[in-house]
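The structure appears below as structure tokens.
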Amino acid sequence: MEAVRWLRESGLTVENYSAADEADVGVDAVLDVAADDRSTRFAVQVKRRPPYPHEVEQLTRAWRLLARRGRPLMVVPFVSEPLGSILTRAGWSWADDQGNFDLRAPGILLRQRRTVTAPVPRRGSLPRGSGSFAVIRALVTFSEGEDEEPGATALAAQARVSQPRVSQVLRQLQDLKLVERTVYGRWKPHREALVDRFLAEYPGPGGSEQYYYSLDSPVEVAVRAGQLSGPSHPIVVSADVGPDLIEPWRRPSLVILYVRHVTDPSSLMLTNAQGRHDANVIVRMPDDQSVFPARALVAQVRGNDIPLADPLQQIWDLQNLGGADRLEAAGRLRQWLLTRP
């Protein structure tokens, strides 16, 4: 485990024992960690990805199993500051592969924060560009309950890119083991892995960004945006309002609007803000056109249609805006995306 190396480099003495007998089911390793004259045994569970906040409460059984062998310690690739606080409140010690850790036991508190941003994966990267992202978004919206996997022709039509480009993207994703060919020659996406890889590597929508303030709530701004939106002048709604209309969790304090054309702020009753710190409305004209979903996603407020941004974009925006509440909302929206019919 890379996390063990970081613990040792921070000056701790760590003895790593493999968990091999039947009593250690669910325990990936046992660590004896010594600092000064105190030593504590930790029972480790290694996870491929960090849990979302709403998933932490589902780990109670795992915590109890680990607690039979030592203090429960979760090891993941990266733990953000908000997630670290949530894990600590739930009784977990934690460490990640980037050198961040928070180990707690009676009489012991060992903490280190080396980086606050998640690393970019070193292995092959996702294909880039608006067309590639459109194909990935289309694959993610494929439901496990559908009768057959999507073919390249159907994906090209949905993503609005050429079939040769779709085939090229699919081959790259196949090399990354994010899609596989079926016996019928179609493509089966590994949706959960694809979602997490997209969120980790997406560079952002690009383009321009303007900051505004409204005396009305972000939801009211979204309603007005929906009334102004049309086929030739689309406006789609993202965080905080969009996710809340799909999976209510937090009271929206801000709304991000994506537009294809310059929009007069007065038509939305907005005034210029000094910057992001005092804005409650962000208007983006993105380079990445795949933020506008190929299949319309529409919510309603008091009988008014509100077009929403692509679900992956809404999750990314929540994470990018930051905060524990938004991280929780992102996890719930991710779960909705992967389990919806």
Side-chain angles (χ1 to χ4, degrees), residues 53-54 82 137 141 204-337 340:
H54 76 279
R137 295 179 197 268
T141 59
S208 64
E209 182 173 272
Q210 303 294 325
Y211 303 109
Y212 298 102
Y213 182 78
S214 173
L215 294 175
D216 295 319
S217 71
V219 174
E220 292 302 318
V221 174
V223 169
R224 283 198 290 272
Q227 292 168 344
L228 286 176
S229 181
S232 62
H233 196 284
I235 305 176
V236 294
V237 174
S238 188
D240 292 330
V241 174
D244 188 67
L245 294 176
I246 297 173
E247 282 285 298
W249 180 247
R250 70 185 306 275
R251 183 177 180 181
S253 59
L254 179 148
V255 62
I256 296 175
L257 304 177
Y258 287 99
V259 301
R260 273 210 175 103
H261 308 287
V262 175
T263 300
D264 182 0
S266 65
S267 63
L268 294 169
M269 300 183 187
L270 306 177
T271 58
N272 289 312
Q274 293 182 356
R276 189 165 181 167
H277 65 282
D278 65 345
N280 62 357
V281 181
I282 299 175
V283 178
R284 292 174 176 166
M285 189 182 302
D287 291 333
D288 178 14
Q289 294 297 296
S290 70
V291 304
F292 300 94
R295 295 179 181 176
L297 181 62
V298 180
Q300 282 204 334
V301 174
R302 301 189 305 274
N304 294 285
D305 286 346
I306 300 182
L308 304 181
D310 178 85
L312 272 180
Q313 193 63 39
Q314 296 185 55
I315 298 171
W316 187 88
D317 283 336
L318 283 168
Q319 294 180 341
N320 182 250
L321 289 170
D325 284 349
R326 289 192 176 103
L327 188 61
E328 178 112 19
R332 292 180 179 272
L333 187 57
R334 175 186 178 277
Q335 185 177 38
W336 169 85
L337 177 59
R340 66 176 181 170

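Both backbone and side-chain heavy atoms feed into the values below; hydrogens, waters and symmetry mates do not.
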- request: Apply side chain to side chain contact (heavy atoms under 4.5 Å, CB included) to R276 and L321, showing your working.
  value: CA-CA 10 Å; R276 189 165 181 167; L321 289 170; 3.0 Å; yes
query: Checking side chain to side chain contact (heavy atoms under 4.5 Å, CB included) for the pair R251/D240: CA distance, chi angles, key distance, verdict?
result: CA-CA 8 Å; R251 183 177 180 181; D240 292 330; over 6 Å; no
task: Please assess L257 against V221 for the test side chain to side chain contact (heavy atoms under 4.5 Å, CB included), listing each intermediate value before the final yes or no.
output: CA-CA 9 Å; L257 304 177; V221 174; 4.2 Å; yes
task: Please lay out, stage by stage, how L308 and V236 fare under the test side chain to side chain contact (heavy atoms under 4.5 Å, CB included).
output: CA-CA 5 Å; L308 304 181; V236 294; 5.8 Å; no
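Within the structure, no pair that satisfies the salt bridge (Lys or Arg N to Asp or Glu O under 4.0 Å) test touches residues 264-275, not counting sequence neighbours. For the ring-ring contact (aromatic ring centres under 6.0 Å, His included) condition, the pairs that include at least one residue of residues 250-293, sequence neighbours left out, are H233-H261.
Side-chain N or O atoms of D305 include none that pairs as donor or acceptor with a backbone N or O of G226 at under 3.5 Å. In this structure a side-chain-to-backbone donor-acceptor pair under 3.5 Å is missing from D278 to A273. Under the 3.5 Å distance criterion, the side-chain polar atoms of Q314 are matched with a main-chain donor or acceptor of A309. A distance-only check finds no donor-acceptor pair linking the side chain of R340 to the backbone of W336 [under 3.5 Å]. Between the side chain of D310 and the backbone N or O of P293, no donor-acceptor pair lies under 3.5 Å.
One distance of note links CG of L254 with OG of S214; it measures 11.0 Å at 0.5 Å rounding. Rounded to the nearest 0.5 angstrom, Q313 CD and S290 OG are separated by 7.0 Å.
Residues meeting the side-chain contact (heavy atoms from CB on, under 4.5 Å) test with T271, sequence neighbours left out: Y213. Remark: R284 pairs with E209, D317 by the salt bridge (Lys or Arg N to Asp or Glu O under 4.0 Å) rule, at least two apart or across chains. In this structure, the side-chain contact (heavy atoms from CB on, under 4.5 Å) partners of V262, at least two apart in sequence or on a different chain, are M285. In this view, P248 and D244 satisfy the side-chain contact (heavy atoms from CB on, under 4.5 Å) rule, not counting sequence neighbours.
Side-chain atoms of V219 and V301, non-hydrogen and from C-beta on, do get closer than 4.5 Å to each other. In this structure, the side chains of P265 and V283 stay at 4.5 Å or more apart for every pair of heavy atoms.
The minimum heavy-atom distance between Y212 and N272, with the atom names listed, is CE2-OD1, 3.1 Å. Taking both residues in full, the closest heavy atoms of P82 and L327 are given as CB-CD2, 4.2 Å, listed atom of the first, atom of the second, then distance.
A salt bridge does not link R224 with E220: every distance from a Lys NZ or Arg NE/NH1/NH2 to an Asp or Glu carboxylate oxygen is 4.0 Å or more.
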